[in-house]
Structures are given as C-alpha cells and as structure tokens.
Amino acid sequence: MNDSTRPASPREPCEFSVNGEPVAIACAAHVTLLEALREELGLTGTKHGCELGECGACTVLLDGASVLSCLVLAQTCAGRQVETVEGLADGPGLHPLQAAFADLGGSQCGYCTPGMLMSAKQLLAAEPAPDRARIREAIGGNLCRCTGYQQIVDAIAHAAAVMRGEPA
Amino acid sequence: MMRLPDFELRRPRTLAEAATILAGEGPAARPLAGGTDLLPNMKRRQQTPRVLVALGEIPGLRTFTNGAALAIGAGTTLAALAADTRMAQYGALAQAAARVASPQLRNQATLGGNLCLDTRCSYYDQSEPWRRAIGCCLKKDGDTCWVATASRRCVAVSSSDCAPALVALGARVRLVSREGTREVALEDFYRDDGMDHLVKRPDEILSAVDVPDAQGWRSTYWKLRRRGAIDFPVLGVAAAVKRDTAGTIEAARVALGAAGSRPFLVPQASEALIGRTLDDATIAATARRVAARAKPVDNTDFETRWRKDVATQLVSYALRELRGEDLGAIRRRF
Ligand SMILES: Cc1cc2nc3c(=O)[nH]c(=O)nc-3n(C[C@H](O)[C@H](O)[C@H](O)COP(=O)(O)OP(=O)(O)OC[C@H]3O[C@@H](n4cnc5c(N)ncnc54)[C@H](O)[C@@H]3O)c2cc1C
Ligand code: FES
Ligand code: FES
C-alpha cells in the first residue's frame, strides 16, 4: 500500500531493548513498533487487530507505560525499553496473570489476551490492589469479542491477590 | 497489515531546530507528537505529509510549572495531566483529559496534539477505498459535503475533549516559529471551518498552554459518548463559575465541544448566570440557552435530534455539579 510515487525512505539502524534483551534492526521511517516486533523480530505474540488504535490487541509496554504498538514508529523507540507478552513467563513458569487467565477462562479465542495481559501488567505495577471498577477502567482500551469480560476481570483480581502473596 | 505511507522522519532535539525544519520544508511537513490522531489518519490516507517532525525528544515541551498561572508544556501526556495533583484546581481539564480515548492512548497522546486534533466526520474518517467509492468529500479529494450537500463549507466536527475545557478555563496557547513566539487565546485559536480549523500556520509549533489562576473558580466537564471508553465526544460541556461567599455568581464561562467545527464559548450562558445563584430556575434557563447554541449535524454517532435534546440535560448536570451536588451515579453512566 505504500505510495509508489515517493522514493522509499532509507532503512535506518535502530536499537532498543525488548524484554530486557538488546535488539538492533534497520527499518524505514514508516515501520511501526508492531510491524518491527512481528516482522523484523519474529515476536508474533503481540497481535494486530484494527491497527488504528481502537482495539488494544497490539498493547505493549514502552518504558513501563502501556501503549498501542500499531501507533508508535519503531524509529522513535531507539534507546527505549519495550516489554511484550513474550517477556511475561519466567522460563516454563507462567506469570501469575497468565496462569489466572488460563485457569479462570479469561482467554477464549485468545486474540485479545496478549494486549489484555500487558494492560493488566501496567495496572498491577501501579496499583497492587485495584477494585473491580478500576480493573474494568484499566482494560477499557482492550476489546474482547469472546469472554464478555467478566472472566478477565476475575482473572486480573485473582492474579493481583496471588502477586500480593495472599492465599488464593 | 494496514501500512503507513512512506515519509521522512526528523527527530530534532530542540524547539528551535524543529521550527527551522518546519520553516524549511513548508506545509508538506507536520509535527508528530503522540501520533494517535496523525498516524491513523495517515494509514487511511486522509493526511499524507512528506516529512514528520517528531517532537518527543524535545525536553522543553514537557515542562509543567505553576506560578501565578499554570503553564503546561504541549508534550505533556494526557495520562500525566489527568494524574497531576496540581490539576485539582482545574477540574474541567483534569476530567476532560481523563476521558479521552483509552488508557493506552492517554499514555501516548499529548495535550498539544489534542488541541490540534483534525476535525472528524463519518464521511471522512474512513479507509481510502471507502472514501473513493463515494467520490470522496469536500475535506479531502472531493467537491461535495455529504453531510450537507448544499454546503460550500466543510462541517467536520471538532472532537477534542480538552479544547472546550481549556476554553472555559480561559487558556491561551503559545505558538513558536522561526519568526518568534505569539500568544493566542484558545477560543480564537479555532475557525468555524472543518477543513481549515486552526489559525496556526503550518510552520508554527504549539509549545505550551497557559491557564490563568483558578483561585475561587470551580469547573467541570461532561462528555456524551456511546461507550464509557475509547469513543470521541458527541457533545462536550465545560463550565466554570466563580462565586462570592453568598453563592452569587461573579463570573462564568460555558463552552461546548463537538457541537461544530470549533469549540466555542457561549456568551449567553455567562449573561444568564452572572449576578444569580445556581438555583434550579437559573440552571434550567441557562441550560436552555446553551442548548440552543448546539446545532449538531449528522456526521457523528447518535441521532441528531436526540443529541440536541440531550444538550439541555448535559448542561444542567454540569451546573448542578458545580453547586456541589454529588452526581457520581449519573456520571458513571457516561
Ligand atoms: C480510538 C481513538 C479514540 C480517540 N478518542 C478521543 C477522545 O475521546 N477525545 C479526544 O479528544 N481525542 C480522541 N482521540 C484522538 C487523539 O488520541 C487525541 O486527540 C490525542 O490527544 C492527540 O494527541 P497526539 O499527541 O497523539 O497527536 P498527534 O497525532 O501527534 O497530532 C495530532 C495533530 O496535531 C498536530 N500537532 C501535535 N502536536 C503539535 C504541536 N505541539 N504543535 C503543532 N502541531 C501539533 C499534528 O501535526 C497533527 O496534525 C482518539 C483517537 C483514537 C485512535
Ligand atoms: S491493532 Fe493497535 S489498537 Fe487495534
Ligand atoms: S478471547 Fe477472543 S477476543 Fe478475547
């Protein structure tokens, strides 16, 4: 779909960190962080939905804040820290959020799950004990067409309790 | 994948450098702040700048100071703004910022980008093939306004939440170019023209927003939209009043957003409020006069007739909240 009447912008080297590991890619100005993750780095855990900012499927953390990777230019990530769903698990051990989504039916087709998990991760980093209203607000930018959201809210509330060290 | 068209990306480190690039490149260059308006528009080929000047690495745009007045750097994110304790005095702005889009978008979106947001319309905010299928529209590549086919003017709607809030708070914006800095009252920053809605020249950068001291004022923002998250406003009501100890209104400013191609102040509201108290009769009379100024056209969500009717309600909620009523339960429905 690129405008063929214009010369392609040069591929510029771009270094940033993904899930704690340094990465170096070369990309044109128009490449989004979502495209860089999926197509340059093979990290297809981050999903593409609307690609217009409306669905949240592409949510990642950039310097700790949840952002929509479909609306971030890869070149503007130089020197910054990106966290994706691939960085949640610790080896074979699921992150408490992942475990709770799996156990409580927070994930059905799974398409929204990586984005939901990253929004939830940002919430719990800032507020370890959110009430259900706050949880709903925090996932307000993530659409799910399957679950009806209740199980997702349950899963986040449960994971929050586990992460606070409370008996489940 | 829905790809961006190609462009050249510049990443200046100072405001002066950014102004020089914009002056050199002319109107084919555009500032890029959070990108949450510009990048979707570029993906849909509504806007196709040749050069993007990223403002994110200019530290000066993120300063936030409060002396006698509040000076907010244009690069301040809406999330930072909504969370800042200094905003307590500026209720309308804090509420507007907190109600824009979604948490992720507020982490990216800046105040400057929100004030410069492109106008919106259901015939314009569509993919390129969709727009081509109807022969495009007045605002982009066509010659008909499909909302008002007899209209010579584009009626795309100003959809910023922070703009009406800041108009009610009497804010001014600073515009920086290579020629220097000029200041414009926010209410004069907009034109009633969906295609050319800002008085800002293409080479000017909005660097900061100055909000006068709100001592003695109380303000609020009410937003009408279909869902409680993500959606743009279909109507925004911002109201600010200053009352003496007896409750008599000394000064008042009510502004409407998403009710035309620009956010605007309603002088009739100030006339209806000043010298009175916020009693039921005053609120009802004011709400009627404000709603009469809201002339929604059929270019966004909801039925036009209903949007006009509900304007009266929204204004009265805002004024009732300002007199101290707890409208939390109603607010949660919006
Ligand atoms: C799904 C979705 C929902 C949304 N909902 C809302 C909503 O409810 N309410 C709302 O108000 N907005 C909404 N938006 C629009 C947008 O996210 C916000 O308005 C945001 O604040 C825009 O800021 P930005 O920094 O991302 O702007 P950008 O996209 O970077 O820029 C927007 C425009 O402003 C210009 N610009 C930016 N900064 C400057 C500057 N400092 N000086 C000069 N020009 C500048 C750019 O050139 C561009 O033309 C929504 C967007 C999406 C995708
Ligand atoms: S793919 Fe990014 S918000 Fe939908
Ligand atoms: S689980 Fe299918 S979209 Fe959420």
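Put simply, the side chain of B:K43 never gets that close to the backbone of A:L71: no donor and acceptor are under 3.5 Å apart. Formation of a donor-acceptor pair under 3.5 Å by the A:E51 side chain with backbone atoms of B:M2 is found in this model. In this structure, the side chain of B:N107 does not engage the main chain of A:V67 through any donor-acceptor pair within 3.5 Å.
Expressed to the nearest 0.5 Å, how far CG of A:L68 lies from OG1 of B:T36 amounts to 9.0 Å.
When heavy atoms are compared at a cutoff of 4.5 Å, A:A65 approaches chain B by way of both its backbone and its side chain. Residue A:I139: no heavy atom, backbone or side chain, is found under 4.5 Å from chain B. For chain A, no part of B:L38 is nearby; none of its heavy atoms comes within less than 4.5 Å. Contacts between A:E137 and chain B at a heavy-atom distance below 4.5 Å involve the backbone alone (N, CA, C, O). Residue B:R44 touches chain A through its side chain alone, counting heavy-atom pairs closer than 4.5 Å. For A:R38, the part lying under 4.5 angstrom from a heavy atom of chain B is the side chain only. Using a 4.5 Å cut-off between heavy atoms, B:R106 makes no contact with chain A at all.
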Evaluate B:R3 against A:E39 for salt bridge (Lys or Arg N to Asp or Glu O under 4.0 Å), listing each step before the verdict.
CA-CA 13 Å; B:R3 313 237 181 230; A:E39 297 171 355; 3.0 Å; yes
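For B:R227, the CZ atom sits in a packed shell: over 12 heavy atoms of surrounding residues, nucleotides or ligands are nearer than 6.0 Å. Remark: A:D131 CG is packed, more than 12 non-hydrogen atoms of other residues, nucleotides or ligands lying under 6.0 Å away.
In this structure, B:L4 and A:V31 have side chains that are not in contact, with every pair of non-hydrogen atoms separated by 4.5 Å or more. At a threshold of 4.5 Å between non-hydrogen side-chain atoms, the residues B:L39 and A:T32 do not count as touching.
Defined by atom type and a distance below 3.5 Å, a donor-acceptor pair is missing between the side-chain atoms of B:Q104 and A:S66.
Listed options B:S102, B:A229, B:P40 were ranked by heavy-atom pairs under 4.5 angstrom with chain A; first place goes to B:P40. Between chain B and the residues A:Q122, A:R136, A:E35, the most heavy-atom pairs under 4.5 angstrom are made by A:E35.
Nearest heavy-atom pair across A:G53 and B:L105 is O-CD1, 3.5 Å.
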